[in-house]
Number of protein chains: 4
Amino acid sequence: MAVATGERVRRAAVKLFATKGFHGTGIRDLAQAAKLSSASLYHYMGTKEELLAGIMRDCLRNLLDEATTALEGVSDPVERVRRLVTVHVTAHARQPNETRVADDNIEVLSPRLRRDVVRLRDDYEALWSDTIEEGLREGVFDTAQPTVTRIAVLDMCTGVARWYSSRGPLSLRLLAEHHVELTLRALGVRVSAGCGLANSRDPQACPGAAAEGRSWGE
Amino acid sequence: MAVATGERVRRAAVKLFATKGFHGTGIRDLAQAAKLSSASLYHYMGTKEELLAGIMRDCLRNLLDEATTALEGVSDPVERVRRLVTVHVTAHARQPNETRVADDNIEVLSPRLRRDVVRLRDDYEALWSDTIEEGLREGVFDTAQPTVTRIAVLDMCTGVARWYSSRGPLSLRLLAEHHVELTLRALGVRVSAGCGLANSRDPQACPGAAAEGRSWGE
Amino acid sequence: MAVATGERVRRAAVKLFATKGFHGTGIRDLAQAAKLSSASLYHYMGTKEELLAGIMRDCLRNLLDEATTALEGVSDPVERVRRLVTVHVTAHARQPNETRVADDNIEVLSPRLRRDVVRLRDDYEALWSDTIEEGLREGVFDTAQPTVTRIAVLDMCTGVARWYSSRGPLSLRLLAEHHVELTLRALGVRVSAGCGLANSRDPQACPGAAAEGRSWGE
Amino acid sequence: MAVATGERVRRAAVKLFATKGFHGTGIRDLAQAAKLSSASLYHYMGTKEELLAGIMRDCLRNLLDEATTALEGVSDPVERVRRLVTVHVTAHARQPNETRVADDNIEVLSPRLRRDVVRLRDDYEALWSDTIEEGLREGVFDTAQPTVTRIAVLDMCTGVARWYSSRGPLSLRLLAEHHVELTLRALGVRVSAGCGLANSRDPQACPGAAAEGRSWGE
DNA sequence: TATGAATGAGCGTTCATTCAT
DNA sequence: GATGAATGAACGCTCATTCAT
């Protein structure tokens with residue numbers, strides 16, 4: 001069966017919000033991309049802002065769920081970080097549009113709609129801070145500014161959504177592994193040799209990576 | 001003497017573009033913030049888009065100049081990276097609005113105005129890639145995916161503009177030093193102990209850090 | 001049924017463009033005259049300029065069609081001129097606004113929109129020049145400057161749109177007949193007596209003729 | 001000495017009002033064409049509308065003066081018409097911009113400024129109607145609709161301003177003579193042969209005649 | 001004389017949204 | 001469901017004009 005109309009609307013919104021921004025995307029752009037009249041759009045959404053909030057909520061909920069699942073029963077901080085990074089990077093590489101929308105538009109939301117989204121984000125971030133604190137407590141991490149380090153690592157992993165392309169030479173797995181290594185290094189973990197990261201060379205990470213937005217680095 | 005009117009316009013634009021986005025900022029918002037009528041605004045700017053491009057150009061030009069100056073006569077890749085990171089982080093911490101505008105709005109520009117901006121950015125990036133390549137060649141850096149690492153490090157250093165507050169407990173110097181360390185770790189440089197980074201603890205990096213946009217991590 | 005909204009818009013535009021000029025007519029004037037909000041206007045038109053071009057195109061197309069039809073199967077130059085003048089004058093008397101808009105605004109159009117309009121006008125004019133040339137060739141017309149004469153005659157017949165009123169004492173038929181006579185005289189045709197034009201006196205052609213624009217002569 | 005600034009302003013206005021229309025000409029266009037700032041413009045004019053009215057007034061006053069002078073002591077209706085046409089056509093050929101502005105913008109003026117202009121125009125027209133009436137009374141003219149004929153003739157002679165170019169093959173003298181003939185024919189005067197108009201052929205009246213506005217006929 | 005600075009009003013057009021059909 | 005019709009508000013920008021210097 002074809003994609004349901006409501007889903008088509010949401011997908012159009014995700015793509016447009018990600019590429020042109022919320023304020024840069026008009027209701028008519030949305031309608032056109034969803035092959036609907038702009039009036040019909042309103043059968044599938046509330047306001048434009050609610051549509052945005054819904055996208056952000058779902059994206060963050062997914063991320064939180066995946067991370068929570070991935071951490072279940074794992075207590076070793078190094079392994080927890082591995083999993084957090086993998087989940088985060090994978091999500092941002094696979095759904096760059098969704099995650100960019102979720103990451104970039106919190107300030108657009110009015111207080112009412114912002115609340116839920118912020119809570120989800122904070123819950124998600126707590127997984128990271130708790131893990132890092134535990135690693136420090138256990139002495140397996142070594143960083144003078146854990147909060148700054150956490151933010152830095154998150155920014156670094158989040159950035160993936162803005163440049164990674166699965167059509168480039170770098171597999172999703174390698175991408176994730178590389179970010180795991182970068183993160184562990186940032187946290188001062190001495191990574192044992194032979195983890196498969198230490199020697200291969202990247203030819204060019206992501207040639208298809210697209211437009212201006214991301215020749216940063218290409 | 002008071003600030004010249006044209007400068008007031010630019011400052012208003014920097015603040016508003018940074019906080020509400022280019023499309024989220026209306027010409028009337030700008031006028032109000034610059035204490036001018038919307039008609040008078042046009043004595044000090046071309047189009048709204050040209051105003052944006054001007055801000056971006058100047059910001060990137062500054063960054064490029066500062067980095068170029070800082071690297072003058074320095075050939076040791078480690079020292080070069082230290083300086084690049086310091087310049088980058090300092091600029092982003094001191095002028096978070098300018099840098100955010102410059103970093104976030106390339107895709108907004110029409111081709112004509114985009115050209116110059118992209119060139120500046122590419123020139124700036126080249127300083128980083130050249131330095132990293134040289135370090136790899138000399139064997140002082142160790143990273144399997146230098147391009148990815150470079151992007152990651154830049155994202156991490158750029159992120160500073162979104163959360164750092166000079167009113168927080170972290171001095172600009174410490175901030176820069178910490179990012180130098182994170183970057184060198186990412187590049188696989190074994191930092192000798194006692195460099196002053198390895199033991200202090202951050203209480204809370206930046207309590208005044210502001211709105212929702214940055215409780216990411218606070 | 002009442003007039004369709006789109007038609008109402010066009011009629012308002014015709015009247016306003018004719019009386020106040022294209023640049024003198026604001027989109028809000030148009031909206032008010034069409035009893036619509038200025039936003040709604042845009043359901044029935046493209047840009048204001050396209051609205052103008054459409055009016056001009058239709059007007060000229062009608063004129064061309066009517067003239068072509070009137071000339072079908074007629075080869076006598078005198079009779080052809082009779083018919084051309086009759087069609088032209090009648091159209092300008094009956095639809096003074098449409099024709100004034102079509103006659104006065106060619107230079108307003110941007111090249112893209114101008115092209116079609118100019119082509120129609122040139123095709124129409126060709127009917128006149130061909131006819132006049134043929135009459136000269138046959139020796140039934142006598143004028144030293146046929147091109148100038150053609151322009152003069154056209155200006156004279158076109159002017160009707162600026163002053164004729166059907167509420168005046170002059171019937172449409174007499175108006176046309178009189179212009180036929182003027183035209184044939186200009187072309188040096190010796191009009192046989194008794195054609196009904198040679199003796200009646202006009203009391204006052206058109207007292208209701210309207211504003212200042214045409215008391216020229218009233 | 002160079003042209004006085006005030007005169008430069010007026011000339012710029014004449015050209016621009018003629019080609020782009022009053023409403024189509026902005027104060028900035030005027031300033032640029034007069035090589036002045038738009039503020040300085042106001043040292044040489046009142047409002048834009050008063051500038052227009054001044055141009056129209058002067059143009060019509062000139063026309064009226066010239067015609068009055070030309071008619072002085074001439075009582076023969078045919079000769080009077082000759083002179084009226086010659087004056088009118090010459091003025092319109094020599095100062096096409098001034099006359100177009102004067103002819104086309106009466107309805108633009110507000111009542112206060114319109115009054116004088118209309119009076120001048122009516123006085124001028126009276127010369128024509130008086131002459132025609134006299135010719136009819138004397139039996140030298142023969143036209144069933146003298147008012148219509150007068151308007152038609154005036155339209156025809158006025159049109160010259162829209163297409164004649166002194167760079168074309170038609171001399172100003174021939175142009176005037178031809179229009180005299182057309183007018184006399186319209187008035188039913190049997191023109192004696194040998195007046196110099198009856199045989200020469202125009203190749204192409206006015207090739208330089210310009211743009212779209214006047215390929216009507218070219 | 002000349003102009004930079006300033007503006008209230010208005011330009012043509014598009015915005016997000018509603019509603020009757 | 002789907003949409004054409006409709007709109008008040010706002011968009012970026014320009015208008016004609018004034019005034020202090």
Side-chain angles (χ1 to χ4, degrees), chain A residues 4-6 8-9 13 22-31 34-52, chain B residues 4-6 8-9 13 22-31 34-52, chain C residues 4-6 8-9 13 22-31 34-52, chain D residues 4-6 8-9 13 22-31 34-52:
Chain A
T5 312
R8 227 170 55 228
V9 169
F22 177 73
H23 288 304
T25 301
I27 224 72
R28 284 158 189 75
D29 300 326
L30 236 51
K35 295 174 208 280
L36 240 51
S37 74
S38 60
S40 300
L41 224 48
Y42 285 85
H43 285 283
Y44 301 96
M45 47 176 271
T47 66
K48 188 184 153 197
E49 197 196 351
E50 285 163 356
L51 175 60
L52 171 67
Chain B
T5 313
R8 227 170 55 228
V9 169
F22 177 74
H23 289 305
T25 301
I27 226 70
R28 285 156 184 85
D29 299 327
L30 233 48
K35 293 175 209 283
L36 240 50
S37 74
S38 64
S40 298
L41 223 48
Y42 284 85
H43 282 283
Y44 302 96
M45 48 177 270
T47 64
K48 186 185 154 197
E49 197 197 350
E50 285 164 356
L51 175 60
L52 170 67
Chain C
T5 312
R8 227 170 54 229
V9 168
F22 178 73
H23 289 305
T25 302
I27 226 67
R28 284 157 184 84
D29 299 328
L30 233 50
K35 293 175 210 279
L36 240 48
S37 73
S38 64
S40 298
L41 224 47
Y42 285 85
H43 282 284
Y44 300 97
M45 47 176 272
T47 64
K48 187 185 155 197
E49 197 196 351
E50 284 164 356
L51 176 59
L52 170 66
Chain D
T5 312
R8 229 171 52 230
V9 169
F22 177 74
H23 289 305
T25 300
I27 223 73
R28 283 156 190 77
D29 299 326
L30 235 51
K35 293 176 209 282
L36 240 52
S37 75
S38 61
S40 300
L41 224 49
Y42 284 86
H43 284 283
Y44 302 96
M45 47 176 270
T47 66
K48 187 184 153 197
E49 197 196 350
E50 285 162 357
L51 175 61
L52 170 67

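Letters A, B, ... are given to chains in the order of the sequence lines, protein chains preceding strands, and every chain is numbered from 1. Worth knowing before you read on, the calculation uses all heavy atoms, side chains too, and leaves out hydrogens, waters and symmetry mates.
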Protein-to-nucleotide contact annotation, 5' to 3' order, nucleotides 10-16 of chain E [B base; S sugar-phosphate only; - none; under 4.0 Å, heavy atom]: BBBBBBB
Which nucleotides of DNA chain F pair, in dot-bracket form (Watson-Crick or G-U under 3.5 Å, | meaning another strand): .||||||||||||||||||||
Is the shortest side-chain heavy-atom distance between [X] and [Y] below 4.5 Å?
X     : Y     : answer
A/L51 : A/L41 : no
D/I27 : D/M45 : yes
C/R8  : C/L36 : yes

B/E50: partners by salt bridge (charged side-chain N to carboxylate O under 4.0 Å, His left out), with sequence neighbours left out: B/R112
Residue whose nearest DNA chain E nucleotide is more 5′ - D/L36 or A/H43: D/L36
Minimum heavy-atom distance A/G24-B/H23, with the two atoms named: CA-CD2, 3.5 Å
C/S37 to C/A31 - nearest heavy-atom pair and separation: C-CB, 3.8 Å
Set of residues satisfying ring pair (Phe, Tyr, Trp, His ring centres under 6.0 Å) with respect to C/F22, sequence neighbours excluded: C/F17
Leading and trailing nucleotides of DNA chain F with any atom under 4.0 Å from heavy atoms of chain A: F/dG1 to F/dG4
Side chain to side chain donor-acceptor pair (under 3.5 Å) partners of A/T5, counting only residues at least two apart: none
C/K48 (side chain) donor-acceptor with C/T25 (main chain) under 3.5 angstrom: yes
